Asker: 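Here it is: the structure, laid out below.
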Protein chains: 2
Amino acid sequence: MPQRSPADRVRPVTLTDVARAAGVSQSTASRALNGSARRVDDELKRRVLDAANRLHYTANVQAQAVARGTTSTVALVVSDIADAYFSSMAASVMRAAEAYDLRVTVVVTERDVEREIELVREYRGQHARAVVLAGSGYRHSAETAELRRELEMFEATGGRVVLVSRSDLPFETVDLDNSGGARRLSSALARLGYRRFLALAGEEQLVATQDRIAGFRQGLRESGLELPEERVLYSEFSWEGAHAAVQTLDDDVLGATELVFAVNDEMALGAIAGLRTRGLRIPEDIAVAGFDDIRTLRDIVPGLTTVRVPLEEVGREVVARIATGEPGAEGRVIPASVVLRESTPRRN
Amino acid sequence: MPQRSPADRVRPVTLTDVARAAGVSQSTASRALNGSARRVDDELKRRVLDAANRLHYTANVQAQAVARGTTSTVALVVSDIADAYFSSMAASVMRAAEAYDLRVTVVVTERDVEREIELVREYRGQHARAVVLAGSGYRHSAETAELRRELEMFEATGGRVVLVSRSDLPFETVDLDNSGGARRLSSALARLGYRRFLALAGEEQLVATQDRIAGFRQGLRESGLELPEERVLYSEFSWEGAHAAVQTLDDDVLGATELVFAVNDEMALGAIAGLRTRGLRIPEDIAVAGFDDIRTLRDIVPGLTTVRVPLEEVGREVVARIATGEPGAEGRVIPASVVLRESTPRRN
DNA sequence: TTGTAAGCGTTATCAA
DNA sequence: TTGATAACGCTTACAA
């Protein structure tokens, strides 16, 4: 491996170098290389481009940022990048961003609101063009007020704030049809003949969780069924949380359950694993449904019934709002559609 | 949503503002806020910190970067962030980076070498502290020479280059025991009674692919078995590639196969899906093994036999090499261990 | 220990 | 259209 002593470390080629090599002023070089309203004489432009190529010049983005006072960085804040839901969303945002020449940088909170606040602050210092909060958000949390203040400052200095699927903060939000999707799911399940449900929710104050539970309940109600509060289990919002939750469940509670609805697929999969270690077969002994339709599901047997969230569309919508600088079509909600699979067969 | 006209856009608070508010010079403020060799009088320091807090000051990282000539950004270049292998690696690198106060930014190539080259160039312009290439790498590709030149320039300007599991370029590499892992896997499979294999590889020039195939073959040879070249199927290095590959396979080829070894789990899962649509049961009709032990596997039934790559360790090793500025312990190779599961039961 | 002043690599203003 | 020259926000000799 070429071990390089500080001595032979090469000074990076700067715009000044290019200008000198091309025999023009720095300003002309700048105008020729990095777009600007002004036009540059073709001949000079050629010379500058030539010199830049020859010297392998590449612009110092930080210096540009300082001079311009803005960047094209979009910070995507997620809870956990190893989670299939977030990594797919990241992929879709990145893809969409390309068209607008925006740089996306993904950053992880590990579900820590303090960390979220810190990050927003940091990105204010970086003059990020936008910050996208894709995590879940806690209703009524003490820190939420602090986060809100930080976001306001971020906006005040010219940045854009976009939230995904969380209604706990007064900023532009790309809404998913959480409650509608859950409602249609429970209706469909009722039509399949299911009557006795158990719901697996994330921590109680999680916004997305609440919406999905509420929608599920409403769908049941419309079918003349019920989801009593004691049939909603709150646990950590993760595979592990759900896994542990079903393990510690009373036998009679489980015995009285025909179908377990988890507020997202990760939890549904954790629940399935937990149920199986209890000796239950899916779906013969108990049915399971989730939410999100993460990519992982293509490999799950039996196929998991879920509600599909078109993350590709989420990415496009997020980026569109940032790029246009306008609050997207008012009230545009990303649709969510029920996908029935083998984990919830028709009941006789 | 608060629509903010450019008019009431607030000028960001700068170090100068803080210094003025604290009644000290800019340099003192700088020294007090952002570490420096020099010590600042406690009283003054307190005043500066106070002022900074009061004004919600946060440093402009770009300006710091310009002034210092370096950053603490590590660019992690992966093929696809929605791929479980890469997203787990990203998570592990990020976690490890925290301890050294390095900022990780993940960026995606979509398996395009051109793009990889562009990115390295861009990160040279950003004075990134390091660039980590975690994608696979093509042996002998024409563009590899170009990529190499770009990486050399990156290093020449003071950046560090770290490769993960690719031996096609002469830079510091965190090596996985690809061939050893595959060798032990095939030995174990031979011991279980398997005799007739089919290997599913990525595109022929992919380095990791070749190493794994070679190791697998060697393990068989040591057990007195063979993997003839015509039993190695090359396809796109992805779920879809493997899925398509097994679909188009001749019936007699498949009939003569007891076990399919895919060079990574994604492909193994794609193969399983493809085999199933052909009406084959896993493992009753045909056994399958993969490589990587991605997180997804915890939900796969039957459990997939694979070779575990400890990504957590990879992340630590990558970051350690960047942070220490030294080429890690010479020849340190990340171990890879066989994990036998139900997809490859003992054969009678 | 503090402050002054000169950079860092760009962009933007304003004459020429 | 081009080129001096002054920003941009920060760090860091160098002097005090």
Side-chain angles (χ1 to χ4, degrees), chain A residues 9-48 51-52 55-73 122-128 157-158, chain B residues 9-49 51-52 55-72 122-128 157-158:
Chain A
R9 172 171 159 176
V10 169
R11 191 178 58 76
V13 176
T14 73
L15 189 59
T16 316
D17 299 329
V18 175
R20 191 178 317 120
V24 300
S25 78
Q26 221 183 101
S27 346
T28 309
S30 169
R31 296 194 268 252
L33 286 171
N34 318 310
S36 127
R38 287 208 158 43
R39 257 247 319 266
V40 175
D41 182 82
D42 284 348
E43 159 62 7
L44 284 190
K45 184 160 190 169
R46 213 187 39 67
R47 262 162 53 194
V48 173
L55 301 177
H56 300 287
Y57 168 77
T58 148
N60 182 325
V61 201
Q62 344 259 12
Q64 292 184 314
V66 175
R68 296 207 254 249
T70 62
T71 67
S72 53
T73 299
E122 193 169 317
Y123 283 112
R124 170 159 61 88
Q126 290 201 24
H127 289 279
T157 52
Chain B
R9 171 171 160 174
V10 168
R11 192 177 59 76
V13 176
T14 73
L15 188 59
T16 316
D17 299 329
V18 174
R20 192 178 315 120
V24 300
S25 77
Q26 215 181 110
S27 359
T28 312
S30 167
R31 295 193 269 252
L33 287 170
N34 319 309
S36 124
R38 283 200 161 46
R39 257 244 322 263
V40 175
D41 182 80
D42 285 347
E43 159 62 8
L44 284 190
K45 185 163 187 164
R46 212 188 38 67
R47 263 164 49 197
V48 173
L49 261 47
L55 301 177
H56 300 286
Y57 168 76
T58 148
N60 182 324
V61 201
Q62 344 260 11
Q64 292 184 311
V66 176
R68 296 207 253 249
T70 61
T71 67
S72 55
E122 192 169 316
Y123 284 111
R124 170 159 59 91
Q126 290 202 26
H127 289 281
T157 52

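Every chain is numbered from 1 and lettered A, B, ... according to where its sequence line falls, protein lines coming before strand lines. Computation of the quantities below employed the complete heavy-atom set of this structure, encompassing side-chain atoms and omitting hydrogens, waters and symmetry-equivalent molecules. None of the values given here were measured: they were computed from a predicted structure.
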Asker: In whole angstrom, what separates A:Asn60's CG from C:dG7's P?
Answerer: 18 Å
Asker: Measure the distance from CZ on A:Arg68 to P on C:dG9 and round it to the nearest whole Å.
Answerer: 17 Å
Asker: Take the protein atom NE2 of A:His127 and the nucleotide atom P of C:dT11, then report the distance between them rounded to whole Å.
Answerer: 16 Å
Asker: Round to a whole Å and report the spacing from CG of B:Leu33 to P of D:dC10.
Answerer: 9 Å
Asker: Starting from C1' on C:dG9, measure out to CD on A:Gln64 and report it in whole angstrom.
Answerer: 9 Å
Asker: Shortest non-hydrogen contact from A:Pro12 to A:Asp17?
Answerer: O-OD2, 3.9 Å
Asker: Side-chain N or O of A:Ser30 versus OP1/OP2 of C:dT11: is the shortest distance under 4.0 Å?
Answerer: yes
Asker: Nearest-Å distance, CZ (B:Arg11) to P (D:dG9)?
Answerer: 7 Å
Asker: Just compare C:dC8, D:dT2, D:dC10 and give me whichever is closest to any side-chain atom of B:Val66.
Answerer: C:dC8
Asker: What is the distance, rounded to the nearest whole Å, between atom CG of A:Leu44 and atom P of D:dG3?
Answerer: 7 Å
Asker: Examine the base of D:dA4 for any acceptor or donor lying under 3.5 Å from a partner atom in the side chain of A:Ser27, and report the outcome as yes or no.
Answerer: yes
Asker: So does B:His127 get a backbone contact from the side chain of B:Thr71, meaning a donor-acceptor N/O pair under 3.5 Å?
Answerer: yes
Asker: Report which part of the nucleic acid B:Gln26 touches: base, sugar-phosphate, or nothing (heavy-atom distance under 4.0 Å, all strands).
Answerer: base
Asker: Please confirm whether the shortest side-chain N or O distance from A:Asn34 to OP1 or OP2 of C:dT11 is below 4.0 Å.
Answerer: yes
Asker: Take atom CD of B:Gln62 and atom P of D:dC10, then tell me their distance rounded to the nearest Å.
Answerer: 11 Å
Asker: With a 4.5 Å cut-off on side-chain heavy atoms, are A:Asn60 and A:Thr14 touching?
Answerer: no
Asker: State the CZ-OG1 distance between B:Arg11 and A:Thr157, to the nearest 0.5 angstrom.
Answerer: 11.5 Å
Asker: For a 4.5 angstrom cut-off between non-hydrogen side-chain atoms, does B:His56 reach A:Arg124?
Answerer: yes
Asker: Look at the side-chain N and O atoms of B:Ser25 and state whether any lies under 4.0 Å from the OP1 or OP2 oxygen of C:dT2.
Answerer: no
Asker: Can you say whether a donor on the side chain of B:Arg31 sits under 3.5 Å from an acceptor on the base of C:dG3, or the other way round?
Answerer: yes
Asker: Using heavy-atom distances to pick each residue's nearest nucleotide on DNA chain C, tell me which of B:Ala67 and B:Gly23 is more 5'.
Answerer: B:Gly23
